Peer 1: 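Sharing a structure below in structure tokens format, with a few things to ask.
First the proteins, then the strands, lettered A, B, ... as listed; each starts at 1. Keep in mind it's a predicted model, so treat the numbers as computed, not measured.
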Amino acid sequence: MEEDFAKWYTDVVLKAELVDYSSVKGCVVLRPHAYALWENIQAILDASFKRTGHENVYMPLLIPESLLQREKDHVEGFAPEVAWVTHGGTEPLTERLCIRPTSETLFCEHYSHVVQSWRDLPKLYNQWCSVLRWEKSTRPFLRHREFLWQEGHTAHATPEEAMEETLRMLDVYADLAENSLAMPVVKGKKTDSEKFAGAVSTYTIECMMHDGKALQSGTSHFFGDGFAKAFDILFTDRDNQLKPVFQTSWGLSTRIIGGIIMTHGDNSGLVLPPRIAPLQVIIVPVASHKPGVTERANLLEQELRAAGLRVKTDNSDASPGWKFAEHEMKGVPLRIELGPRDIEAGQCVLARRTGGKLVSPLDGIADAVKAELDSIQAELLDRARANLAEKTSVAHDLDDMACIAREKGGFIKTMWCGSNACEELVKDKTGGMKSRCMPFDQEDLGGHCAVCGGKAETMLYWGYQY
RNA sequence: CGAGGCGUGGCUCAGCUUGGUAGAGCGCUGCGUUCGGGACGCAGAGGCCGCAGGUUCAAAUCCUGUCGCCUCGACCA
């Protein structure tokens, strides 16, 4: 892992049976283990969306070229990486259709049809789908050509309400990351050079990976009324004036699975936080040919399942050692070892994926298991927080930054004057480090921009990115 | 898009220099013995060597082209 992080990552992804490559670059098979992980993430997010008043819809896969081109900044941002459908059967199409790289234009067209009055607002829609972006280089989860995500698109009567929505949904992502995925985040606003194509402002949650690179794990955009004007999404307000709506969009993708792998994984493979692990407990019977072992293991499984846990018994005929290694590779948070000696003593062995074993009485085992899982969840968050803290540095000038970037990577916190020129300079001097975000949690690190020495406007996080 | 690496049973690879009957380990199937950290024995199955041309009596091997994959950079959720 330490020697070659990239190879470690690819190995884990393949050996943990998360993905299989397909014959099209950047389009991978999500195997049951990966898809179950995504379903668990989906379930949590979807419940949050519903709780905050959103409805799910489904937009078409295809976007006519003319529609994509309605908003200038948006099309400029995405045009280089869209794939085009040019033929229907053998007939060339009169207008080529792009496969959605994101669905702003489709939502906008639809909103222009259904929004008439202030009474129609807000529109709080979300869709779960896949999108296609013709990336040049790809890596499992981190950069696919086709990837699964959700994209929320909302329309509001006022900018204040839209901004409130933008930040509310960023909080939903931050909550998912920290409380379910055990990934601490830095929340903040993107600089102008890093914001989404067509947005007025972009907000992000940034996570720190084990190798010192940052992962943008979810984004939420405030669009102002730019799209509304380009797509004629107009409504009659209470004062009988025709006004454009104010919009937001926000998305989180299967990329987050890459983040989970790179946040928690270790040299034995994947480590999954219990809240989203497809399998929370694996029971490994030892000497299962001995009378009563398999039966007791199955009983234990039933008891844990009845307690609401995701559990399985590994009854395959592989050796126990092989099973231990296998389920560690797949990241199962807790293993229960159960052999004849245990059964005789009325106990079993609980082995945490994060290390450590303890003997627990079979009587009242479900509560003990739940307590262990909670403790593992908390331990993972603590560890990740420690990693984030350890990999966050403060710098006061460009030499500092270059030095920290070279030796340590991670996040660098500095003051910043707000100029793009300084961002470019940092990129040059550090071999590619970019601004990550202007954090909501601002600290006063002095009055001067660390890059140019000019008057500082804000604190900024920098980092190498995935 | 630049640089490098690689395409030979499911996987990892050998064979190619010097053309001549397609190999190994792991995995897989069956039976038996095992079982507290990747067990063992025996018996099996499985590949027109990425694809297309060419040279040759003969091509996994030589030549040309092409497609794809991986890694690292440049650009982007």
Side-chain angles (χ1 to χ4, degrees), chain A residues 4-11 13-15 17 20-28 76-82 101-102 130-151 173 190 193-197 199 202-207 214-221 249-259 268-269 284-290 293-294 297 314-329 335-345 347-351 357 359 427-428 431-432 434 436 464-466:
Chain A
D4 188 346
F5 195 76
K7 179 166 168 36
W8 169 85
Y9 178 82
T10 315
D11 281 355
V13 155
L14 294 172
K15 287 186 185 160
E17 298 182 353
D20 183 30
Y21 292 113
S22 79
S23 46
V24 179
K25 179 185 172 68
C27 299
V28 307
E76 274 178 17
F78 281 99
E81 54 185 30
V82 296
T102 179
S130 74
V131 291
L132 194 74
R133 300 179 186 177
W134 211 252
E135 301 288 350
K136 288 163 188 161
S137 67
T138 62
R139 295 186 73 185
F141 298 117
L142 301 174
R143 178 147 286 104
H144 289 187
R145 281 180 176 166
E146 183 186 10
F147 58 91
L148 296 175
W149 76 346
Q150 58 67 217
E151 45 179 326
Y173 291 152
K190 286 286 185 187
S193 65
E194 293 291 314
K195 72 186 185 191
F196 180 82
T202 289
Y203 299 84
T204 178
I205 53 170
E206 299 284 327
C207 297
L215 186 77
Q216 178 177 310
S217 301
T219 48
S220 189
H221 315 289
S249 85
W250 25 276
L252 182 139
S253 75
T254 43
R255 172 178 239 210
I256 198 83
I257 295 174
S268 302
V284 178
V286 177
S288 56
H289 59 291
K290 299 265 172 70
V293 175
T294 303
D314 188 341
N315 282 318
S316 72
D317 55 6
S319 71
W322 194 92
K323 292 176 186 177
F324 294 171
E326 176 69 10
H327 297 295
E328 278 164 13
M329 177 56 73
R335 175 180 73 235
I336 302 186
E337 301 171 21
L338 183 71
R341 295 205 301 263
D342 297 313
I343 293 170
E344 186 135 349
Q347 63 188 33
C348 62
V349 175
L350 305 185
K357 286 189 182 187
V359 175
K427 201 168 147 188
D428 281 354
K434 288 184 169 181
R436 304 313 315 158
Y464 296 110
Q465 66 172 346
Y466 271 100

Peer 1: Sort out the partner of G4(B) for me: Watson-Crick or G-U wobble, both distances under 3.5 Å, none otherwise.
Peer 2: C70(B)
Peer 1: What pairs with Ser319(A) under side-chain contact (heavy atoms from CB on, under 4.5 Å), at least two apart in sequence or on another chain?
Peer 2: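 side-chain contact (heavy atoms from CB on, under 4.5 Å) list for Ser319(A), sorted by chain: Trp322(A).
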Peer 1: In whole angstrom, what separates Arg133(A)'s CZ from C76(B)'s P?
Peer 2: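 After rounding, the reported distance stands at 13 Å.
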Peer 1: Identify, with sequence neighbours excluded, every residue that meets salt bridge (Lys or Arg N to Asp or Glu O under 4.0 Å) alongside Asp11(A).
Peer 2: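 Checked Asp11(A) against salt bridge (Lys or Arg N to Asp or Glu O under 4.0 Å); matches are Lys7(A).
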Peer 1: So, are Glu206(A) and Lys190(A) salt-bridged, with charged N and O less than 4.0 Å apart?
Peer 2: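 Salt bridge present between Glu206(A) and Lys190(A).
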Peer 1: Does Trp149(A) have Arg133(A) sitting over its ring (NZ/CZ under 6.0 Å from centre, angle to axis within 45°)?
Peer 2: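 So Arg133(A) does make the cation-pi contact.
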Peer 1: Nearest whole Å is fine: how far is G10(B) C1' from Leu14(A) CG?
Peer 2: 14 Å
Peer 1: Identify each atom pair where a protein N or O and an N or O of nucleotides 68-70 of chain B are less than 3.5 Å apart, giving names and distance.
Peer 2:
| unit_1 | atom_1 | unit_2 | atom_2 | d |
| --- | --- | --- | --- | --- |
| C69(B) | OP1 | Lys25(A) | N | 2.4 |

Peer 1: Applying side chain to side chain donor-acceptor pair (under 3.5 Å), name anything that partners Thr202(A), two or more places apart in sequence or on another chain.
Peer 2: His221(A)
Peer 1: If the P atom of A22(B) is compared with that of G27(B), how far apart are they to the nearest Å?
Peer 2: 27 Å
Peer 1: Dump the pairs, protein N or O against N or O of nucleotides 25-29 of chain B, anything under 3.5 Å, distances to one decimal.
Peer 2:
none

Peer 1: Which is true for Leu215(A) with a 4.0 Å heavy-atom rule: it touches a base, it touches only sugar-phosphate, or it touches nothing?
Peer 2: nothing
Peer 1: Using the C1' atom on both, measure C72(B) against G65(B) and round to a whole Å.
Peer 2: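 The answer is 27 Å between these two C1' atoms.
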Peer 1: State which residues pass side chain to side chain donor-acceptor pair (under 3.5 Å) with Lys195(A); sequence neighbours excluded, sorted by chain then number.
Peer 2: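 Result, side chain to side chain donor-acceptor pair (under 3.5 Å) vs Lys195(A): none returned.
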Peer 1: For nucleotides 5-7 of chain B, list the nitrogen or oxygen atoms of the protein found under 3.5 Å from its nitrogen or oxygen atoms, one pair per line.
Peer 2:
none

Peer 1: C1' atom, C51(B) versus G37(B): distance in rounded Å?
Peer 2: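 Each nucleotide's C1' atom is 45 Å from the other's.
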Peer 1: What pairs with Lys357(A) under side chain to side chain donor-acceptor pair (under 3.5 Å), at least two apart in sequence or on another chain?
Peer 2: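 Residues passing side chain to side chain donor-acceptor pair (under 3.5 Å) with Lys357(A): Glu337(A).
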Peer 1: Now, which nucleotide makes the Watson-Crick or G-U wobble pair with A43(B), with each of the two distances under 3.5 Å?
Peer 2: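 Pair assignment: A43(B) / U29(B).
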Peer 1: In B/S/- notation, 5' to 3', how is nucleotides 35-46 of chain B contacted by protein heavy atoms closer than 4.0 Å?
Peer 2: BBBBS-------
Peer 1: So, using side-chain contact (heavy atoms from CB on, under 4.5 Å) as the criterion, who are the partners of Val293(A) when residues are at least two apart?
Peer 2: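 So Val293(A) forms a side-chain contact (heavy atoms from CB on, under 4.5 Å) with Pro285(A), Ser288(A), Lys290(A), Pro340(A), Ile343(A).
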Peer 1: How is Lys427(A) classified with respect to the nucleic acid when contacts are heavy atoms under 4.0 Å: base, sugar-phosphate, or nothing?
Peer 2: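 Sugar-phosphate: the residue Lys427(A), judged by heavy atoms under 4.0 Å, touches backbone atoms but no base.
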Peer 1: For residues Phe196(A) and Phe78(A), establish whether the separation of their ring centroids is below 6.0 Å.
Peer 2: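 Ring-ring flag for Phe196(A)/Phe78(A): true, centres closer than 6.0 Å.
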Peer 1: Any strand counts, and the cut-off is 3.5 Å on both contacts for Watson-Crick or G-U wobble. Which nucleotide pairs with C75(B)?
Peer 2: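 Paired with no nucleotide.
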Peer 1: What residues form a side chain to side chain donor-acceptor pair (under 3.5 Å) with His327(A), not counting sequence neighbours?
Peer 2: Asp314(A)
Peer 1: Report which part of the nucleic acid Thr219(A) touches: base, sugar-phosphate, or nothing (heavy-atom distance under 4.0 Å, all strands).
Peer 2: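 The residue Thr219(A) makes no contact with any strand.
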Peer 1: Polar-atom pairs under 3.5 Å, protein N or O versus N or O of nucleotides 1-3 of chain B: list them with distances, or write none.
Peer 2:
none

Peer 1: Taking the C1' atom of each, how far is A45(B) from U66(B), in whole Å?
Peer 2: 34 Å
